[in-house]
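Only a predicted model underlies this, so the values are computations on that prediction, with no experimental measurement involved. Numbered from 1 within each chain, the chains take letters A, B, ... in sequence-line order. Only this structure's heavy atoms are used, side chains among them; waters, hydrogens and symmetry mates stay out.
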2 protein chains.
Amino acid sequence: MTEQVTTGTLVTTGTDVTRMRELNALSIVRALRGNPPSTVTELATRTGLSRPGTDVIVQGLVADGWLTVVEPDGSSVVGRPARRYRFNAGAGHVIGVDVGAHKVLAMLADLDGTVTWTTRLPVDPGADPAARLAVADAAVDECLAATGLRPEDIWAITVGVTGPVDASGRTTLFTPLPGWASVNPAEHLAARFSCPVQVENDCKLAALAERWQGAARDADDIVYLLAGMRTGAGLIIDGTLRRGYGGAAGEIGALRAVRWLTAPSHLENCASLPAGIDTDDAAAWVFNAARSGDKAARTAVRRYTRDLAVGTAALVLTLDPQVVVLGGGFSRSADLILGPLARELGRTCLRVPEIRASTLGAESVALGALRLALDEVDARLFGVGLPAPVAPRA
Amino acid sequence: MTEQVTTGTLVTTGTDVTRMRELNALSIVRALRGNPPSTVTELATRTGLSRPGTDVIVQGLVADGWLTVVEPDGSSVVGRPARRYRFNAGAGHVIGVDVGAHKVLAMLADLDGTVTWTTRLPVDPGADPAARLAVADAAVDECLAATGLRPEDIWAITVGVTGPVDASGRTTLFTPLPGWASVNPAEHLAARFSCPVQVENDCKLAALAERWQGAARDADDIVYLLAGMRTGAGLIIDGTLRRGYGGAAGEIGALRAVRWLTAPSHLENCASLPAGIDTDDAAAWVFNAARSGDKAARTAVRRYTRDLAVGTAALVLTLDPQVVVLGGGFSRSADLILGPLARELGRTCLRVPEIRASTLGAESVALGALRLALDEVDARLFGVGLPAPVAPRA
DNA sequence: ACTCTTTTGTAAAGAGCGCAGCATTATTCC
DNA sequence: GGAATAATGCTGCGCTCTTTACAAAAGAGT
């Protein structure tokens, strides 16, 4: 008889009785994360486990450094005051880096996502990849030095870059950064850090940030628009960031009929623009002028918004999201864009989603990088199961 | 102290030791589904459980009717021949219904997805909703009558309709069927069936079918194109059908710049079309003429394909799928469409996905409905946990 | 100051489950 | 017919959770 073992789909592994305990430990950790310090009784009701059982597991988690004890303060309750337990967010840390054209922004956060340190270093827009990576290294080093952490204390790193990123973390062509085609920052950082290092497109990270701490906290289906001198999009569907098979999801700007590549030129080439103004400040000037009633400026903004709306409509009709978040540099002038954008979408879309302005500003990409790094940590912890925990501060 | 119970995110419930057993039972069922009848030893190695433990669980599953025993036949192996166990696919059944303009197609399948009965009934294209639902009822009744099953034996039903469907299963406006706006077939069927009844857009179901048994079996990121007198799309991302927040994902044809609504008119209005030909046969005639070299017909096909490509490019750039599947009535002429479509996409897209022709033909929507119904059954079984199983054929 | 109430902390008994190991059984090969 | 092979079935062991019970700690009332 032939040995017909189909290993095509991975079959869920059977649950051992010791694995069950791990699951319950994870269940308790999950019940604690994001909540204020809790008593054993609270955790027991939340997880559905019995109180003694919960207690045993909690003791183990404390011994392993995952939880810390909060001795009861003099609160006025009837009955014996309870010890409270807090998730030890300082057990591990993650780093998010935003490698932009003019600057590198690195942020360090604990497992709760609380940002502990932020470093911002300028970069020459014309710097070659090696120099740019060196600045990124310096920013990361400063994060470590300022907080007294060692590379082993970092559990995940995410780097945000412009342009599409393939599954292996390599940047592909079509990037505005000089010489940045086929650079692999992940490999570069892997030399010093043994933790997982991810590289991701900046728009996608900004979308994550908006869902985490920004304007789309309540939504599971989000189209994030990066509106600035560069135009891009990041997509979150069913609560998860979608990259596409080749990592190029959202790059609708490449379609000629979608005028995203040239949309900002309406602002740069505005007729009423003063002569000596810098390219980087031109857009801001035009928005201000439009706000004060300048005819040519208003036309420029209208044309820009109309071009922006074409691609947005394609995204909205493809995905039917709950929310469209307008981010990027131009989101500071959202008051001028939101209305016309909504009108344009109303003309073309079956169901017009809410349109909101970003609330995060320039830190959104780095924040999203933190979020992705935290997701990576969570996936490893909750997916495979609590591995021998890195005893924190031994 | 204030009672701060955050019930915002549902916390995973703790695992009881009896729940563990359910999980292991599910694990064994999963290891058996889609595989040929297996011995206990095979199941033990596949699930990672011990052989005695596996045996106990298997006995229980047999007693509950989930598994059936296959006594050893005279196969030539050394050693004691093993009993084999087979998933009892007949323990439950699902029904998929395709409510089209000209016909209603109902299919009945067991839990393995093996189609047991198919009924096809004609409908007058102008029939009102009540008459159309009556035909659907008749088709479902015939499935039951022919197989001798009762309504209680059906574990899930999915109905495919044209046009967008919202989360509650109501059809919305923008449907080509007469009077079909805001009809709720789910409610209608719920009167006779107590099982879950889903209503879904036909394009989306066809996409599911292609991934299940059609041209995209190997892909997790799929754009399905319905190319016929009506044009539509269905999206599968990360292996899951995506509906969008309002259920209108993929309805990019509503964008005016995307000429999907009018694309087929290039074929209908072809100059070389003979006078007396029926509207429904016009397209087929034009494709045949183009194949034999008719100039006007070739132009019509080229224009049609170009219009089809605009929307397809938007979908591809938004999602970056692995595969585009060309389905619908025109997929019979895929030899004429695939090449030009690929060329158009090559001009506009960063990464051109594979383009394949559908292999399922007219049954794709009903098949996809079956798949969705089976998914619903799986979700209830594997998600919540094996409920008191419906003792099959008591 | 004492007792009562309420809630927490902790220990012991009981049950269910999976695993390892050994004896038993059924079949083929020599 | 005997040896080799592989599946089946049974028993004891360890692990985990739950239930039950009791001791400890703090405030409220008399």
Side-chain angles (χ1 to χ4, degrees), chain A residues 1-3 5 12-28 31 37-63 67 69-85 385-386, chain B residues 1-5 12-28 31 37-63 67 69-86 385-386:
Chain A
M1 186 156 296
T2 47
E3 184 80 6
V5 178
T12 36
T13 177
T15 308
D16 191 355
V17 71
T18 168
R19 167 79 182 143
M20 178 175 68
R21 181 156 204 213
E22 285 180 359
L23 288 174
N24 281 340
L26 289 174
S27 174
I28 287 179
S38 311
T39 70
V40 171
T41 315
E42 287 168 8
L43 289 174
T45 56
R46 254 184 248 159
T47 54
L49 298 173
S50 73
R51 200 163 51 87
T54 308
D55 192 72
V56 173
I57 296 177
V58 164
Q59 299 310 327
L61 289 172
V62 169
L67 269 46
V69 185
V70 183
E71 288 301 336
D73 53 350
S75 312
S76 60
V77 260
V78 183
R80 176 172 175 171
R83 264 198 285 272
R84 293 183 169 270
Y85 296 89
L386 207 68
Chain B
M1 185 155 292
T2 47
E3 184 79 6
Q4 278 186 297
V5 178
T12 36
T13 177
T15 308
D16 190 355
V17 70
T18 168
R19 167 80 182 139
M20 176 176 68
R21 179 150 216 210
E22 284 179 0
L23 288 174
N24 281 342
L26 288 174
S27 175
I28 288 178
S38 310
T39 69
V40 172
T41 317
E42 286 169 8
L43 289 174
T45 56
R46 255 184 249 159
T47 54
L49 298 172
S50 73
R51 215 191 41 229
T54 308
D55 193 71
V56 173
I57 296 176
V58 165
Q59 299 310 328
L61 289 171
V62 170
L67 269 46
V69 185
V70 183
E71 287 302 333
D73 53 350
S75 310
S76 60
V77 258
V78 183
R80 175 173 176 172
R83 262 198 286 274
R84 293 184 168 271
Y85 296 89
R86 175 206 310 279
L386 208 68

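B:Asn24 places none of its side-chain heavy atoms less than 4.5 Å from the side chain of B:Thr47. Side-chain atoms of A:Ile57 and A:Leu43, non-hydrogen and from C-beta on, never get closer than 4.5 Å to each other. A:Gln59 has its side chain within reach of A:Tyr85: a pair of non-hydrogen atoms, C-beta onward, lies under 4.5 Å apart. In this structure, A:Asp55 and A:Arg83 have side chains that are not in contact, with every pair of non-hydrogen atoms separated by 4.5 Å or more.
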When you check every protein heavy atom under 4.0 Å of nucleotides 16-23 of chain C, what one-letter string (B, S, -) results, 5' to 3'? -SSS-B--
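Counting to the nearest Å, the P atom of C:dA26 and the CZ atom of B:Arg84 are 19 Å from each other. Here D:dA7 presents its P atom at 8 Å from CD of B:Glu42, a figure rounded to the nearest Å. Rounded to a whole Å, the CD atom of B:Gln59 is 15 Å from the P atom of D:dA7. Regarding A:Arg83, its CZ atom lies at a distance of 18 Å from the P atom of C:dT7, rounded to whole Å.
With C:dT10, D:dG9, D:dA6 as the candidates, the nucleotide lying closest to the side chain of B:Asp55 is D:dG9. Side-chain atoms of A:Pro81 lie closest to D:dA26 of the nucleotides D:dG9, D:dA26, C:dA26.
In this structure, B:Thr39 reaches neither bases nor backbone, as no heavy-atom distance under 4.0 Å exists between it and the strands shown.
Donor-acceptor pairing under 3.5 Å, judged by distance alone, is present between the side chain of B:Arg80 and the base of C:dT25.
With sequence neighbours excluded, the residues that form a side-chain contact (heavy atoms from CB on, under 4.5 Å) with B:Pro37 are B:Val70, B:Arg84, B:Arg86. Residues passing the side-chain hydrogen bond (donor to acceptor under 3.5 Å, both in side chains) test with A:Ser38, sequence neighbours excluded: A:Arg46.
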